[in-house]
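Computed from heavy atoms alone, side chains included, the values below leave out hydrogens, waters and symmetry copies. Since this is a predicted model, take the numbers as computed values, not measurements.
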Amino acid sequence: MIKFSKEELVRYSRQLILPEVGKNGQTKLKAAKVLVIGAGGIGCPVLQYLCAAGIGTIGIVDFDTVELHNLHRQILYTPKDIGKLKTEAAIERLKAQNQGVDFKSFNCVLNDDNASELINQFDIVVDGCDNFATRYTVNDTCVANNKILVSGSILKFEGQVVVFNYKGSKNLRDLYPEAPNPEDVPSCSEVGVLGAVTGTIGCMMSAMTIDILLDQFKNANMLHLFNFKDYSIQKLSF
């Protein structure tokens with residue numbers, strides 16, 4: 001049986017008073033195991049808000065190290081972290097934020113060989129990776145293993161968020177059957193991205209993840225599109 005210390009009751013008091021959360025909801029969050037793929041521009045705010053909310057176990061998959069050009073959008077890191085593994089730097093910062101969360105570090109490239117082993121350790125997957133090969137591997141593995149997938153992507157001033165494989169809902173291949181040719185799709189390193197876009201999309205993804213864990217989610221088969229040039233939002237059913 002999950003119990004809460006007096007410190008935890010105070011820490012989470014502002015969300016405990018929400019009728020949609022309460023002590024039962026907070027218990028669900030503390031029991032949850034969430035895997036975050038990518039500790040970059042999207043992954044950093046996802047990790048911070050899941051950690052702050054009291055998710056019991058958070059796994060982080062990332063093979064990269066912190067670089068100077070990351071700092072304008074990857075808000076977990078400081079110049080002192082340059083050269084460190086992102087998984088290690090992120091967990092160090094997150095533990096300082098909330099010692100009540102258990103972190104699991106996977107400093108590796110997620111691929112067809114290890115995806116099932118990694119993903120099956122968790123209840124839900126949050127994907128903020130930056131390449132289509134990984135995105136499709138994560139999707140297909142979640143479908144094969146019946147795992148819910150919260151997916152987000154960004155470019156320049158735009159972002160999108162969608163939940164796949166939620167209680168039998170559709171998945172990435174229902175929306176985009178095949179991955180595009182990487183040469184046909186520009187990357188952030190080529191065309192850029194506004195840092196606040198990654199933060200906002202990451203916050204949306206963390207909110208949806210929490211919503212799912214609380215059994216409150218009602219936006220299956222819905223693609224959310226955000227344009228930060230004119231601040232328009234579209235919701236497209238698929």
Side-chain angles (χ1 to χ4, degrees), residues 32-51 55 57-64 73-74 76 86-87 90 104-155 158-166 169-180 182 185 187-188 193 197-213 217 219-226 238:
K33 298 179 179 180
V34 179
L35 180 64
V36 178
I37 299 171
I42 292 176
C44 282
V46 168
L47 288 165
Q48 284 186 293
Y49 277 99
L50 293 182
C51 175
I55 301 301
T57 302
I58 298 175
I60 307 174
V61 180
D62 201 304
F63 66 92
D64 211 354
R73 67 195 183 282
Q74 299 182 19
L76 276 175
K86 288 184 179 179
T87 51
K104 296 185 180 298
S105 173
F106 304 99
N107 181 46
C108 62
V109 176
L110 187 145
N111 54 39
D112 291 336
D113 295 328
N114 62 15
S116 289
E117 180 182 355
L118 293 174
I119 287 172
N120 276 326
Q121 299 178 50
F122 297 87
D123 305 316
I124 184 171
V125 177
V126 184
D127 182 18
C129 74
D130 61 359
N131 68 87
F132 286 104
T134 301
R135 194 174 296 277
Y136 277 80
T137 293
V138 170
N139 174 80
D140 295 346
T141 304
C142 285
V143 171
N145 293 279
N146 196 30
K147 299 292 183 179
I148 299 168
L149 172 59
V150 180
S151 179
S153 62
I154 48 85
L155 191 69
E158 298 179 352
Q160 61 182 41
V161 181
V162 61
V163 173
F164 295 123
N165 208 42
Y166 176 72
S169 74
K170 296 178 181 179
N171 68 80
L172 175 62
R173 291 191 183 275
D174 292 307
L175 189 58
Y176 305 112
E178 299 294 333
V185 182
S187 66
C188 291
V193 62
V197 172
T198 65
T200 305
I201 296 301
C203 287
M204 288 291 299
M205 293 168 70
S206 62
M208 286 186 179
T209 302
I210 292 169
D211 218 19
I212 291 166
L213 294 172
F217 186 70
N219 281 274
N221 299 330
M222 188 77 69
L223 176 65
H224 301 76
L225 302 171
F226 301 86
F238 66 95

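Looking at residues two or more places apart in sequence or on another chain, you find no side chain to side chain donor-acceptor pair (under 3.5 Å) involving D64. Remark: D211 pairs with no residue by the salt bridge (charged side-chain N to carboxylate O under 4.0 Å, His left out) rule, at least two apart or across chains. Applying the ring-ring contact (aromatic ring centres under 6.0 Å, His included) criterion to F106, with sequence neighbours excluded, gives no partner residue. With sequence neighbours left out, the side-chain contact (heavy atoms from CB on, under 4.5 Å) criterion links A207 to no other residue. E178 is linked by a salt bridge (charged side-chain N to carboxylate O under 4.0 Å, His left out) to R173, counting only residues two or more places apart in sequence or in another chain. The side chain to side chain donor-acceptor pair (under 3.5 Å) search around T134 returns N131, not counting sequence neighbours. Residues meeting the side-chain contact (heavy atoms from CB on, under 4.5 Å) test with L225, sequence neighbours left out: Q160, L223, Q234, L236. With sequence neighbours excluded, the residues forming a side chain to side chain donor-acceptor pair (under 3.5 Å) with S151 are R135, listed by chain and number. N171 pairs by the side chain to side chain donor-acceptor pair (under 3.5 Å) definition with N139, D174, not counting sequence neighbours. Under the rule for a side-chain contact (heavy atoms from CB on, under 4.5 Å), the partners of L155 that lie at least two apart in sequence or sit in another chain are P186, C188, V191.
Relative orientation of the F132 and Y136 rings is tilted, given thresholds of 30° and 60° on the angle between their planes.
Using a 4.5 Å cut-off on side-chain heavy atoms (C-beta onward), F164 and L175 make contact. The closest side-chain heavy-atom distance from I212 to Y166 is below 4.5 Å. Taking the side chain as every heavy atom from C-beta outward, T57 and F122 approach each other to under 4.5 Å. V46 places none of its side-chain heavy atoms less than 4.5 Å from the side chain of V34. At least one side-chain heavy atom of L118 sits under 4.5 Å from a side-chain heavy atom of C108. The closest side-chain heavy-atom distance from T209 to Y49 is not below 4.5 Å.
Note that the SG atom of C203 and the CD1 atom of I42 stand 11.5 Å from one another [nearest 0.5 Å]. Atom CG of N120 and atom CG of N145 lie 4.0 Å apart (nearest 0.5 Å). Distance check: D140 CG to N165 CG gives 10.5 Å after rounding to the nearest 0.5 Å. Taken to the nearest 0.5 Å, the CD1 atom of I119 stands 9.0 Å off from the CG atom of N114. Note that the CG atom of L35 and the CG atom of L110 stand 7.5 Å from one another [nearest 0.5 Å]. Taking OG1 of T87 as the start and NZ of K104 as the end, the distance is 14.0 Å to the nearest 0.5 Å.
Counting only distance, with no hydrogens or angles, the side chain of D62 and the backbone of A39 share a donor-acceptor pair below 3.5 Å.
Heavy-atom minimum distance, S169 versus N221: CB-OD1, 3.4 Å. Taking every heavy atom of both residues into account, S206 and L50 meet most closely at O-CD2, 4.0 Å. Nearest heavy-atom pair across I55 and A32 is CG2-O, 3.8 Å. Taking every heavy atom of both residues into account, C51 and I58 meet most closely at N-CD1, 3.7 Å. Heavy-atom minimum distance, I60 versus A90: CD1-CB, 4.3 Å. Closest of all the heavy-atom pairs between P45 and G40 is CD-O, 4.5 Å.
Sorted pairs that involve residues 145-155 and meet salt bridge (Lys or Arg N to Asp or Glu O under 4.0 Å), not counting sequence neighbours, are lacking altogether. Judged as a salt bridge (Lys or Arg N to Asp or Glu O under 4.0 Å), not a single pair has a partner in residues 32-46 (not counting sequence neighbours).
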Verify side-chain contact (heavy atoms from CB on, under 4.5 Å) between N219 and V163, making sure each step is shown before the conclusion.
-> CA-CA 8 Å; N219 281 274; V163 173; over 6 Å; no

Test log, rule side-chain contact (heavy atoms from CB on, under 4.5 Å), inputs V161 and I201 = CA-CA 7 Å; V161 181; I201 296 301; 3.6 Å; yes

